[in-house]
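One structure is given below, encoded as structure tokens.
For this chain, numbers begin at 1 and follow the sequence in order. All values reported here derive from a predicted model rather than from experimental measurement. Just the heavy atoms: all of them, side chains too, but no hydrogens, waters or symmetry mates, feed the values below.
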Amino acid sequence: MSAAAAVLPGITRSPIGCTTEAPSPTPFSTWCAKHSVLWPKCGMAVSAATGRCVVATEDIKEGEVVVEVPDDAVLMGENCQIQELLAEEGLLKPADDALLEVQGLILAVMYEKALGVKSTWAPYLAFLPSDMSHMPHCWPEDELEELRGTAAHDKMLGRVQHPADAPTRMRQLFEELVLPFVQSHSQARAVLLGRDKKKKLEELSEEQAREQLWPAYCWATAAVASYSFVLGDEQYQGMVPVWDLLNHITGAVNVRLHHDAARGVLQMIATQAIPQGAEVVNCYGNLSNAELLRGYGYSGSDGNGDDGASSDDGDDGGASSDAESSSDDEEDEPDLEDDDPDLQKQQQQPAPSLGL
């Protein structure tokens with residue numbers, strides 16, 4: 001079955017649900033224990049209804065903390081091992097364009113993923129799905145053509161500029177930002193291309209560099225698009241372990257997001273009793289099907305708005321109205337609540353004020 005044909009009307013699963021590969025949780029669970037990431041009454045499972053999912057292993061009471069993640073376990077551009085390079089290139093806050101900040105996180109994920117076991121987040125990144133082929137930007141060109149005339153397609157091409165979240169203008173950003181970034185910095189070149197720091201990117205042909213970097217860029221873009229969270233009033237974007245394992249099932253959300261500034265932890269709190277064996281479900285926002293498909297790789301008949309927001313070629317108006325309907329009040333990733341924290345950063349990096 002083609003990737004495009006697999007997106008069927010009525011499906012309300014998130015990308016985790018589209019991932020039926022059996023989880024191997026031991027390394028990730030060990031990592032969670034080491035970094036005080038707590039989800040004591042939850043575990044991973046594979047459900048016939050939603051695929052890979054998080055379920056309650058014990059009864060959970062309303063108001064109980066279901067998941068707790070220390071601030072310094074969150075992966076952000078501001079605390080990755082190329083933080084200084086990203087800042088130098090204007091890819092961290094305050095960047096000239098929010099699009100650049102998203103690309104900064106994508107590069108951070110690319111780099112930390114390429115580091116392998118040398119990365120603080122190695123077990124976490126390895127636990128994310130290796131196959132992102134359900135995401136439209138990973139579809140073959142002939143299948144992607146099936147989306148022509150839809151808001152999802154227009155946003156992916158960059159015809160719709162708002163919001164600035166991924167994936168959008170991928171080929172342009174890859175050619176004009178990612179390749180020059182790797183070429184300009186020996187640290188990034190050594191890890192992402194496996195080249196000695198004293199050697200130059202030019203020793204690889206341009207096509208060889210593209211072939212090596214493009215799959216990593218596609219995977220990291222998919223990871224950021226479908227698993228990152230927008231954090232606080234300042235709209236920092238970060239990868240929050242365990243939080244991003246929860247599926248979205250329309251009408252079935254049973255947790256809310258919270259930040260305990262005093263303790264420096266991000267929490268998911270049960271909004272109702274969750275019985276043992278039930279799935280723990282998040283809400284990604286009141287999004288149109290175009291945004292669900294573009295950002296998460298699935299669509300459903302109950303999405304906000306129409307199921308693709310078809311527009312006339314050359315007319316941004318129709319696509320813009322659909323894509324922007326979920327951008328101001330409803331983000332692709334849930335925003336957090338409560339008081340202002342300062343996330344503590346690894347690598348002794350200064351903590352941004354997230355204004356949660």
Side-chain angles (χ1 to χ4, degrees), residues 2-4 21 75 77 80-92 95 97 99-145 147 153 156-158 165-228 239 294 297:
S2 71
E21 60 193 41
L75 171 55
C80 71
Q81 293 192 38
I82 53 169
Q83 183 271 346
E84 292 183 0
L85 303 184
L86 295 174
E88 178 182 328
E89 297 293 342
L91 300 176
L92 301 180
D97 190 314
L99 182 69
L100 299 178
E101 298 169 8
V102 176
Q103 295 301 305
L105 179 58
I106 291 172
L107 277 165
V109 170
M110 287 177 65
Y111 187 87
E112 296 291 337
K113 178 76 169 175
L115 278 176
V117 296
K118 295 180 180 179
S119 170
T120 298
W121 291 276
Y124 160 61
L125 293 173
F127 197 61
L128 294 179
S130 58
D131 182 2
M132 297 287 192
S133 59
H134 63 284
M135 296 289 286
H137 72 266
C138 297
W139 294 359
E141 288 295 330
D142 59 334
E143 294 183 13
L144 190 59
E145 277 296 305
L147 293 181
H153 191 260
M156 289 172 66
L157 294 180
D165 57 318
T168 185
R169 295 160 53 190
M170 283 186 61
R171 182 58 69 174
Q172 176 189 358
L173 290 165
F174 178 77
E175 295 288 343
E176 297 180 4
L177 190 153
V178 175
L179 279 174
F181 179 89
V182 176
Q183 184 175 18
S184 300
H185 300 289
S186 60
Q187 179 184 352
R189 181 170 63 246
V191 171
L192 292 171
L193 289 173
R195 312 296 289 178
D196 185 273
K197 292 184 178 181
K198 295 181 180 179
K199 297 181 180 179
K200 295 182 179 179
L201 180 63
E202 286 77 9
E203 294 181 10
L204 291 176
S205 70
E206 188 171 297
E207 190 57 31
Q208 286 175 322
R210 281 195 184 93
E211 288 178 0
Q212 192 165 335
L213 285 174
W214 179 250
Y217 179 65
C218 286
W219 185 90
T221 297
V224 169
S226 52
Y227 297 103
S228 67
M239 308 290 290
R294 181 186 66 86

Who are the side chain to side chain donor-acceptor pair (under 3.5 Å) partners of Glu175, not counting sequence neighbours? Arg210

Considering residues at least two apart in sequence or located in another chain, which fulfil the ring pair (Phe, Tyr, Trp, His ring centres under 6.0 Å) criterion with Phe181? His185

Working to the nearest 0.5 Å, report the span between [atom1] of [X] and [atom2] of [Y].
X: Leu193; Y: Gln183; atom1: CG; atom2: CD; value: 10.0 Å
X: Glu101; Y: Leu92; atom1: CD; atom2: CG; value: 8.0 Å
X: Ser130; Y: Leu125; atom1: OG; atom2: CG; value: 12.5 Å
X: Gln212; Y: Glu207; atom1: CD; atom2: CD; value: 12.0 Å

Return the minimal non-hydrogen interatomic distance between [X] and [Y], and the atom names on each side.
X: Leu192; Y: Ala114; result: CD2-CB, 3.9 Å
X: Leu75; Y: Cys80; result: CD1-CB, 4.3 Å
X: Ala223; Y: Met239; result: O-CE, 3.7 Å
X: Pro180; Y: Ser184; result: O-OG, 2.8 Å
X: Gly116; Y: Ala122; result: O-CB, 3.0 Å
X: Met110; Y: Ala220; result: CG-CB, 3.4 Å

Please check this pair: side chain of [X] against backbone of [Y], looking for a donor-acceptor N/O pair closer than 3.5 Å.
X: Gln187; Y: Gln81; answer: yes
X: Glu112; Y: Ser119; answer: no
X: Trp121; Y: Lys113; answer: no

Check the pair Glu89, Leu177 against side-chain contact (heavy atoms from CB on, under 4.5 Å), reporting the backbone distance first and the verdict last. CA-CA 10 Å; Glu89 297 293 342; Leu177 190 153; over 6 Å; no

Please step through side-chain contact (heavy atoms from CB on, under 4.5 Å) for the pair Val191 and Ile82, ending with a clear verdict. CA-CA 11 Å; Val191 171; Ile82 53 169; over 6 Å; no

Between Phe174 and Tyr217, how do the two ring planes meet: parallel, tilted or perpendicular, split at 30° and 60°? tilted

Name the one of Leu105, Ile106, Val109 that satisfies side-chain contact (heavy atoms from CB on, under 4.5 Å) with Thr221? Ile106

Taking side chain to side chain contact (heavy atoms under 4.5 Å, CB included) as the test, write out the residues that go with Ala126, two or more places apart. none

